[in-house]
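Proteins get letters first, then strands, A, B, ... in listed order; numbering begins at 1 in each.
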Amino acid sequence: MSLRIYSTLSRTKEEFKPVKPGQVSMYLCGPTVYKPAHIGHMVGPVIFDTIKRYLSYLGYKTTWVVNITDVDDKLIVKANELGTTVEALAKKMTDDYLDNLRTLGVTVGPDGIDHMPYATQYIAEMQNIISGLIAKGYAYPLNGDVYFECCRDEDYGKLSGRKLDEMLAGTRAETMDGKHNPADFALWKGSKPGEPAWDSPWGPGRPGWHIECSAMSQKLLGDTIDIHGGGLDLMFPHHENEMAQSESFTGKCFCNFWMHNGLLRKSSAGGKIGGDHSRHGDSAEASADMMAVKQAQEEQKLAGSKGAESVKTAVFAKFDPETVRFFLMATHYRSPVDFGDDRLEETAKSIEGFYRLIETFGRITGADFYSLSASTTRAKTPSLDGEPAAFFSELKSLRDRYYDCMDDDFNTGGAVGVLFDLRKAINGFIASAKLESEGKSNAANIAALTTAMTLLKELSNILGVFRQPLAKKASGSGDDEFVNGIMRLVIDLRAALRKEKNWPLSDKIRNDLTALKVVLEDRPDGTTWKRG
RNA sequence: GGCUCCGUAGCCAAGCGGCUAAGGCAGUGGAUUGCAAAUCCGCCACCCCCGGUUCGAAUCCGGGCGGAGCCUCCA
């Protein structure tokens with residue numbers, strides 16, 4: 001089974017073949033850093049982080065670039081508004097962005113984003129491309145600006161499926177501004193006084209939106225890259241234009257696999273409004289003022305400039321980052337996703353069992369799941385031949401299913417399903433081998449359990465989940481000696497009551513503790529507690 | 001209006017021509033438990049509608065209905 005990737009260009013899944021054997025170059029369009037990051041900005045990086053992990057797992061030496069756009073109209077406007085400089089604003093928002101990425105397990109470095117170039121550091125490269133495009137007749141200067149002439153690029157529109165002449169039909173004349181063609185877009189923008197500006201052959205100015213990605217990907221990854229990613233909303237015009245520029249300049253294919261991730265939508269207040277979603281199709285509502293509807297849609301869209309809350313306040317205050325990451329992994333990257341509290345709550349509930357299994361594993365073996373050393377490459381994955389044979393062969397087939405999913409256009413949703421099945425298999429093994437009670441000293445079974453848990457770690461590492469304990473702590477790990485001491489006392493006293501079969505009192509203790517968000521669980525070998 | 005994409009159980013969701021349509025949440029029957037919790041074993045889908053291609057379709061094609069995104073420097 002070999003890796004297949006859906007390419008936006010061909011609208012089909014194609015077998016993945018890198019330009020250079022054994023190596024993969026990957027470029028993801030990063031943010032314009034003019035406002036705090038919202039959760040929608042995190043989707044691409046999280047998905048591509050997993051893609052890189054899997055490519056690395058397959059043995060590819062993967063180089064991943066995510067750019068930072070630190071010069072842009074919006075940045076200028078916002079900085080003026082706030083009475084600060086573009087540089088200072090960009091710095092602050094970049095830090096916010098990176099901070100949130102780190103929280104979600106995406107780092108800058110060999111295990112994550114390899115290069116994070118800033119647009120302002122590649123002005124010379126951009127100017128070089130612009131000059132080249134003018135020389136080749138693909139671009140023309142106009143009043144201090146430089147425009148790319150779309151109709152000179154024969155296959156312009158091939159990514160988004162647009163035809164140039166169709167696009168022109170509905171265009172208003174006033175958008176022309178002397179451009180040869182309304183679709184022509186700026187490679188270079190002459191600056192007004194007070195705006196950030198760089199000297200250029202066409203006068204002081206700043207780069208257009210698309211040229212930075214062309215320049216940076218070429219400089220850092222070469223003329224033809226393997227994978228280029230971004231949100232679906234960037235397909236047009238950004239990626240279309242980016243590709244048009246780059247290919248016109250180099251005369252080579254710019255990118256072999258275009259990958260676009262679906263966008264997040266903020267789900268409506270959920271059940272809180274009326275509960276029954278199916279009622280929204282009322283014909284009375286259908287006649288509502290279209291503008292109002294359009295407006296409402298705007299607000300729902302996370303990417304809209306208005307109303308989007310920062311990740312920290314909107315999400316991380318309420319949900320563990322691992323829950324968020326798991327949620328993103330549970331659906332296919334190309335699908336649009338409703339993002340809302342009720343969905344995250346469901347996810348949190350669904351993954352609790354993994355954390356419980358991890359605790360159980362610790363109780364049985366004394367080992368720490370998070371310290372297990374799991375293989376990070378498919379080539380070095382354990383053979384999984386062992387006893388009991390039935391259990392091992394189940395592990396093996398689950399792993400194969402996981403591979404099949406990931407090989408099929410990074411089907412993380414299917415892979416997540418495998419993780420749940422793996423959990424069930426391990427729990428079943430623990431139960432049938434009675435590892436929590438009389439089977440505790442069976443060394444072979446303990447070893448089998450450890451192998452299985454190591455496999456769980458190996459497979460969840462690729463998705464970037466279960467890398468650390470939840471903030472919600474298990475017994476004794478997050479509280480001070482005082483609390484732990486009190487809890488030990490309470491549990492001991494209750495154990496004595498239970499021995500006397502004083503059920504009313506021992507149940508009262510457990511129930512009252514539940515009200516305090518402390519959960520007691522009675523097991524054959526004693527009672528454990530944790531904060532719930 | 002043009003260009004894309006989607007429509008699988010109460011909800012979320014995988015599935016990409018062929019064994020009994022993954023998995024999660026909710027619900028439900030049982031095992032286990034002093035009772036719980038957790039865990040395990042079960043149950044829970046006429047794949048939006050209508051045609052067509054095929055020995056065979058949730059999967060391919062045509063039409064319809066419904067939804068989403070883009071066409072506006074939004075990831």
Side-chain angles (χ1 to χ4, degrees), chain A residues 4 6 8 11-13 28-32 37-45 47 66 69 72-75 157 160-163 166-167 169-171 175 185-186 189 208-210 229-238 241 260-265 271 276-278 281 297-298 300-305 308 327 330-332 334-338 342-343 345-347 349-353 356-357 359-360 401 405 408-409 411-421 423-424 427-432 436 498 501-504 506-507 510-511 514 519-524 528 532:
Chain A
R4 286 152 51 81
Y6 181 90
T8 305
R11 316 262 170 199
T12 56
K13 286 177 198 168
L28 177 71
C29 286
T32 301
H38 65 256
I39 186 65
H41 292 119
M42 303 295 123
V43 178
I47 289 164
V66 179
T69 301
D72 171 89
D73 290 2
K74 284 179 298 194
L75 212 39
S160 56
R162 284 152 214 267
K163 303 255 186 303
E166 283 170 0
M167 287 171 52
T171 322
T175 59
F185 57 90
K189 294 174 146 183
W209 178 29
H210 319 295
L232 202 52
D233 54 339
L234 292 183
M235 190 169 86
F236 186 91
H238 182 56
N241 292 349
H260 290 99
N261 61 272
L263 304 183
L264 245 43
R265 287 175 312 200
D276 188 355
H277 287 85
S278 65
Q297 285 169 347
E298 276 301 312
Q300 296 246 321
K301 209 171 66 168
L302 279 168
S305 50
F327 172 73
T331 113
H332 193 91
R334 275 188 281 121
S335 307
V337 178
D338 286 318
D342 41 357
R343 300 294 312 283
E345 273 156 25
E346 189 186 307
T347 302
K349 220 179 294 178
S350 75
I351 63 176
E352 261 176 34
R356 274 194 227 104
L357 172 58
E359 280 172 30
T360 305
R401 239 178 78 205
C405 289
D408 182 15
D409 193 30
N411 178 6
T412 55
V416 161
V418 175
L419 253 33
F420 279 106
D421 283 340
R423 178 179 86 184
K424 192 183 284 187
N427 273 327
F429 179 65
I430 290 172
S432 68
E436 289 216 83
R498 292 181 68 213
K501 299 199 193 298
N502 187 340
W503 310 128
S506 60
D507 285 352
R510 190 174 60 199
N511 292 339
T514 304
V519 179
L520 289 192
E521 296 182 358
D522 297 325
R523 303 170 187 288
T528 61

By ring pair (Phe, Tyr, Trp, His ring centres under 6.0 Å) - contacts of A:Tyr6 (at least two apart): none
ring centroid sep under 5.5 Å plus plane angle under 30, A:Trp503 with B:G34: yes
Contacts under 3.5 Å, N or O only, protein and nucleotides 26-33 of chain B:
none

B/S/- contact track for nucleotides 4-12 of chain B, protein heavy atom under 4.0 Å: SS------S
Taking N and O atoms by type only, does the side chain of A:Arg510 place a donor or acceptor under 3.5 Å from a partner on the base of B:C35? yes
Taking only the C1' atom of each, what is the distance from B:C60 to B:U20 in whole angstrom? 24 Å
Nearest-neighbour nucleotide for the A:Asn427 side chain, B:G34, B:C40, B:G23 considered: B:C40
Residues forming a side chain to side chain donor-acceptor pair (under 3.5 Å) with A:Asn411, sequence neighbours excluded: none
base_contact_polar (B:G15 base, A:Asn411 side chain, donor-acceptor, <3.5 Å): no
Please check the phosphate of B:A68 (OP1 and OP2 only) for any side-chain N or O of A:Arg265 closer than 4.0 Å. no
Side chain of A:Asp522 only, heavy atoms from C-beta on: which candidate in B:A75, B:C35, B:A22 is closest? B:C35
Sequence neighbours excluded, which residues qualify as side chain to side chain contact (heavy atoms under 4.5 Å, CB included) partners of A:Asp72? A:Thr32, A:Thr69, A:Lys74, A:Leu75
Would you mind telling me which of B:A75, B:C16, B:C40 lies closest to the side-chain atoms of A:Lys13? B:C16
Sequence neighbours excluded, the answer for ring pair (Phe, Tyr, Trp, His ring centres under 6.0 Å) partners of A:His332 is none
Holding to side chain to side chain donor-acceptor pair (under 3.5 Å), I want the full list of residues that pass it with A:Asn502, two or more places apart in sequence or in another chain. none
Side-chain contact check for A:His41: nearest option of B:A14, B:G23, B:A75 is B:A75
By salt bridge (charged side-chain N to carboxylate O under 4.0 Å, His left out), A:Lys13 pairs with (sequence neighbours left out) A:Asp408
Contacts of A:Arg510 that satisfy salt bridge (charged side-chain N to carboxylate O under 4.0 Å, His left out) - sequence neighbours left out: A:Asp507, A:Asp522
Candidate nucleotides B:U39, B:A75, B:A68, ranked by approach to the side chain of A:Ala431 - the nearest: B:U39
Polar side-chain atom of A:Thr347 near backbone of A:Arg343 as donor-acceptor pair, under 3.5 Å: yes
